[in-house]
Participant: 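The following block contains the structure, expressed as structure tokens.
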Amino acid sequence: MGLEHFGGGEEAARSFLESPYLEGTDDNEGQLTERKFEDSEREQDELPYIFAAKEKSADSHAGSEITHTPALDSLLEKIKEKEDFAPSMEQQAEKIKDVYDSIPELQFDKWKTLDIEKRTKLLESFEEKIAGIEKRKPMPVRCETTRAGVMGYNNGYELVISERLVGSDQFNDYKEMLDTLFHEGRHSYQNHNLYIGRTEKSDELFQSWMANRKKLGYTSGTASFPFNLSESFREKSYYKYYTQPVEVDARLFAETVVNKIDLKER
Amino acid sequence: MKEKICRKLNCSDEEAEEICRDLDCIDPQFRKLLDCWCNDVEYTDVDIHGFTIESLMNDYDLGFTGALLTMDWIYKEPDNAIKALKYGIR
């Protein structure tokens, strides 16, 4: 459905822009319907409600004439952006910081008192909130014993983080664990863009991920789990794995979030 | 060499070509290990800044040629390579 359905012009556009369905949070009650979304449903199920909201807005202004003004066009542009794109990397980092700050058990001093099972559940609930911000499906989080050089991986179904990091009481491991959670979540965001639907605004980023998939052997067989050190990389230098566009982006994203959060040992 | 790589790694011509191109540029000290491996002769592992072929294969799930090329990177650009390896696979 296109923006021409905003029959009510500027007022309707402004009202739609303020609707809760366009917020990145996961706890809004619907104003235009009674339905409350579950996180896991948001990604696909939200769209019909957005469309319904638009229809309702259009119906209530049926028959009125559309007058395009610069202000209206600017609002319509903002709506289009909100519909199609996730927040920028910097904005995502800000929102993730807010979520992190709102969960006391995630702070290192409380974190240290939890057993590994509770820590994993907490990470999963954090991941759910991060997924909402990134406009993608949340992933289950699991920890497992990994090789010494493997901090975690994303197999397309779950985010796996090394037990060595999740189970540790050392601050540096805690920091690496959060970095890994953000890093693997970013791979889910990249996957969402590549395989489900584009939500990343930057053409540069999107094209670099696409090139990674198409040109670096991510299109077939053994590389079906692109973000592991798959067969296609085992016999090549670690340099080639490390410098892939998707890896550079995931490291940059995780670093941005960790710096934004400003982790404290006490 | 391409045929040997193809046979040992059971990979496509295209993949073998890429690996051979990279192996052509490795430092001579690693060439000896490659020759041994290609001819199924036991080789003596080397230690560069605390990393060995064996440790790279075990810790990072690399194959022999991947580990050898990574050793070459550690040798030529130790700061960058060690930082990258410490970050780890994630």
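Chain A is the first sequence line, chain B the second, and so forth, proteins listed ahead of strands; every chain is numbered from 1.
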Participant: Looking only at heavy atoms, which two atoms of B/N58 and A/R147 are closest? And how far apart?
Facilitator: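 Distance-wise, the nearest heavy atoms are O-NH1, 2.7 Å.
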Participant: Specify which of B/L9, B/D59, B/L23 makes the most heavy-atom pairs with chain A at under 4.5 Å.
Facilitator: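 Looking at each of B/L9, B/D59, B/L23 in turn, B/D59 comes out on top.
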Participant: Counting only heavy atoms closer than 4.5 Å, note whether B/M71 contacts chain A via side chain, backbone, both or neither.
Facilitator: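 Nothing of B/M71, per the 4.5 Å heavy-atom cut-off to chain A.
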Participant: If we only count heavy atoms from C-beta on, is the B/I89 to A/Y241 side-chain gap below 4.5 Å?
Facilitator: yes
Participant: Keeping the roles fixed (side chain from A/R234, backbone from B/D61), state whether a donor-acceptor pair exists under 3.5 Å.
Facilitator: yes
Participant: Return the option, out of B/I19, B/T65, B/I74, B/D72, with the maximum number of heavy-atom pairs under 4.5 Å with chain A.
Facilitator: B/T65
Participant: Can you tell me how far the CD atom of A/E235 sits from the CD1 atom of B/I5, to the nearest 0.5 Å?
Facilitator: 8.0 Å
Participant: Got a sec, which residues hit side chain to side chain donor-acceptor pair (under 3.5 Å) with B/D27, two or more places apart in sequence or on another chain?
Facilitator: B/Q29
Participant: Charged N to carboxylate O below 4.0 Å: is that the case for B/K86 and A/E176?
Facilitator: no
Participant: Short question: side chain of A/S237, backbone of B/G66 - any donor-acceptor pair under 3.5 Å?
Facilitator: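 Checking the backbone N and O of B/G66 against the side chain of A/S237, no donor-acceptor pair under 3.5 Å is found.
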Participant: A/Y242 versus B/Y87: any side-chain heavy-atom pair under 4.5 Å?
Facilitator: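 A/Y242 reaches B/Y87 side chain to side chain.
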Participant: State, with a plain yes or no, whether a side-chain heavy atom of B/R90 is found less than 4.5 Å away from one of A/D179.
Facilitator: yes
Participant: Is there a donor-acceptor contact under 3.5 Å from the side chain of B/T70 to the main chain of A/Y238?
Facilitator: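 Such a contact is found between B/T70 side chain and A/Y238 backbone.
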Participant: Examine whether an atom of B/L56 lies under 4.5 Å from a heavy atom of chain A, and if so say whether it belongs to the side chain, the backbone or both; otherwise answer neither.
Facilitator: neither
